[in-house]
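Please read all numbers here as calculations on a predicted model, not as lab measurements. When a ligand or atom number is given, it counts from 1 through the structure's own listing order.
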Amino acid sequence: MRKILVTGGAGYIGSHACKALRDAGWLPVTFDNLVTGWEEAVKFGPFINGDLRDRDALDRAFAEHQPQAVMHFAALSQVGEAMQKPELYWNNNVLGSLTLAQAAVDAGCKDFVFSSTCATYGEHDNVVLDENTPQHPLNAYGGSKRAVEDILNDFGAAHGLRHVIFRYFNVAGADPAAEVGEFHIPETHLVPLVIQAAEGKRGALTVFGTDYDTPDGTCIRDYVHVCDLVDAHVLGLNWLRDGKGSRVFNLGTGSGFSVMDVINAAEGVMGCPVPHEIGERRAGDCTRLVSGSVRARDELGWMPERSDMTQMIADAWRWHQTGHYTK
Ligand code: UDP
């Protein structure tokens, strides 16, 4: 069976990617240090407990499994934390990715799919961000991801590493079969927090700022279902395997939802109020991040099918009712 090394395969998006890869005929080998991931989420292939900054551990993984490609999700990804402890982001995300890219090149494994972010774009006046929008990240999370994009470009020119870079917008939802889902401690992302607040599993949600230049004053984001997102990764892997060369793709739907839109949608799906209060802006937040996602549709043939907001909330809610990780 063809193998692929999946870093961060024990995390939210990585675990969904492993399921999609398994369904596409790959054996996903998860490499994860379990700092934010869960061993129970590794259900679709072997697991290696390792840190990306440990070159020896990576070399052993490449030697033992001989993967034909790498899918790199492992990263710290919280904007708030990145503002307070940028050193964690530069060290973990950049040094880890650099070590991984070097190990992959040295092992002769040259197809590399990387999870980047719309946070690399930063604040822009234009409504829709496409792949050519200049990147001016506002926080160390976006900065560290942009740095890894630069590393991959340089490794492409110097060492023949071929990459597909996906710049994610906001990922939400869960596997409809609830085999895997989103589970963070602490939870910081809007959709799971809204669900937990509605279920009374936490206090009122704090809306981070209502004085943004948007119709209702709250930040606008472009939400994409995790299953649609990982389907794009399988298409991106095929793109590389077909020899089509390095390429960057945004992954979003092109529709913007404010924080209040998400709260209202959740109230509709769940049939109960989402207790919330108005708070201060969160440092590092952009006003509006909405994708120009034409390229992924046109070139990869990507068709997001579950990224309707009510579907995403329904799938996330189902997972929250049935699935939890403990280790
Ligand atoms: N948000 C909020 N309250 C929260 C968490 C998030 O108002 O408790 C807002 C946040 O300011 C942003 C949006 O929800 O505008 C999405 O935030 P999230 O952390 O889910 O993703 P990000 O956009 O930071 O990647």
Side-chain angles (χ1 to χ4, degrees), residues 11-13 36 73 75-86 89 93 115-124 129 135 137-146 166-174 181-199 201-226 229 250-253 255-267 274-291 307 309 312-313 315-317 319-320:
Y12 168 42
I13 300 170
T36 56
F73 298 95
L76 298 173
S77 63
Q78 293 175 23
V79 169
E81 182 184 60
M83 295 300 289
Q84 286 156 11
K85 298 177 185 168
Y89 283 70
N93 293 1
S115 73
S116 187
T117 169
C118 63
T120 60
Y121 292 122
E123 195 82 56
H124 289 271
L129 305 169
Q135 293 170 290
L138 296 187
N139 53 65
Y141 167 55
S144 67
K145 290 284 188 174
R146 189 187 60 176
F166 287 116
R167 294 187 188 138
Y168 306 165
F169 285 68
N170 285 58
V171 188
E182 182 171 20
F183 190 60
H184 297 114
I185 295 179
E187 187 53 74
T188 65
H189 292 108
L190 182 63
V191 170
L193 288 176
V194 162
I195 290 170
Q196 290 170 10
E199 289 184 321
K201 291 183 177 164
R202 63 170 60 238
L205 176 90
T206 302
V207 176
F208 293 147
T210 52
D211 58 347
Y212 287 95
D213 184 18
T214 62
D216 66 20
T218 64
C219 289
I220 291 178
R221 296 287 181 272
D222 178 339
Y223 293 84
V224 58
H225 196 295
V226 65
L229 186 96
N250 281 348
L251 292 179
T253 66
S255 298
F257 289 81
S258 72
V259 176
M260 291 311 302
D261 289 336
V262 174
I263 290 172
N264 292 335
E267 290 181 341
V274 175
H276 60 277
E277 59 196 19
I278 307 305
E280 297 294 312
R281 289 186 178 201
R282 181 175 67 178
D285 267 342
C286 301
T287 304
R288 181 184 174 96
L289 290 168
V290 178
S291 168
S307 293
M309 180 54 74
M312 284 188 281
I313 291 171
D315 287 346
W317 188 28
W319 158 255
H320 279 273

Could you find the nearest protein heavy atom to [atom] and give me its residue, atom name and distance?
atom: atom 3 (N) of ligand 1; result: Thr206 O, 2.7 Å
atom: atom 15 (O) of ligand 1; result: Cys219 CB, 3.0 Å
atom: atom 17 (O) of ligand 1; result: Arg282 NH2, 3.5 Å
atom: atom 8 (O) of ligand 1; result: Leu193 CD1, 3.3 Å

Query raised in the report: What closest approach, in Å, do Leu138 and Gly122 show between heavy atoms, and which atom pair accounts for it?
Result: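 Looking at all heavy atoms of both residues, the closest pair is CG-CA, 4.1 Å.
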
Subset of ligand 1 atoms that lie under 4.0 Å from at least one heavy atom of [X]:
X: Thr188; result: 5 (C), 19 (O)
X: Val207; result: 7 (O)
X: Arg221; result: 15 (O), 23 (O)
X: Val79; result: 24 (O)

Requested in this report: Please answer whether the main-chain N or O of Thr253 pairs with a side-chain N or O of Asp222 as donor and acceptor at a distance below 3.5 Å.
Outcome: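 Yes, Asp222 side chain to Thr253 backbone: donor-acceptor pair under 3.5 Å.
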
Query raised in the report: Think Arg288 forms a cation-pi with Tyr212, using NZ or CZ under 6.0 Å from the six-ring centre and within 45 degrees of its axis?
Result: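 No, cation not above the ring by the 6.0 Å, 45° rule.
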
Query raised in the report: Is the CG atom of Asp213 crowded by more than 12 outside heavy atoms at less than 6.0 Å?
Result: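 Incorrect, the count does not exceed 12.
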
Of the listed options ([options]), which comes nearest to [atom] when hydrogens are ignored and any heavy atom counts?
atom: atom 4 (C) of ligand 1; options: Tyr223, Phe208, Tyr168; value: Phe208
atom: atom 25 (O) of ligand 1; options: Asn170, Ile263, Asp222, Thr218; value: Asn170
atom: atom 11 (O) of ligand 1; options: Leu205, Asp285, Thr214; value: Asp285

Query raised in the report: Is the Tyr12 ring parallel, tilted or perpendicular to the His184 ring (thresholds 30°, 60°)?
Result: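 Rings of Tyr12 and His184: perpendicular, as their planes differ by over 60°.
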
Query - Minimum side-chain heavy-atom gap Asp261-Thr218 below 4.5 Å - result: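 Not in contact.
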
Query raised in the report: Under a 4.5 Å cut-off applied to non-hydrogen side-chain atoms, are Gln135 and Tyr121 in contact?
Result: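 Gln135 vs Tyr121: side chains touch.
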
Query raised in the report: Measuring from Lys201:NZ to Leu193:CG, what's the distance to the nearest 0.5 Å?
Result: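 Result: 13.0 Å between the selected atoms.
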
Requested in this report: Determine whether the side chains of Glu81 and Tyr141 contain a donor N or O and an acceptor N or O closer than 3.5 Å.
Outcome: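 Glu81 vs Tyr141: no donor-acceptor pair found between side chains.
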
Query raised in the report: Got an N/O contact under 3.5 Å between Val259 and ligand 1?
Result: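 Among all N and O atoms of Val259, none is under 3.5 Å from an N or O of ligand 1.
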
Query - Which segment of Leu190 sits under 4.0 Å of ligand 1 when only heavy atoms are counted - result: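 Answer for Leu190: both.
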
Query raised in the report: Does ligand 1 have a heavy atom under 4.0 Å from the side chain of Gln78, from its backbone, from both, or from neither?
Result: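 Neither; no heavy atom under 4.0 Å.
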
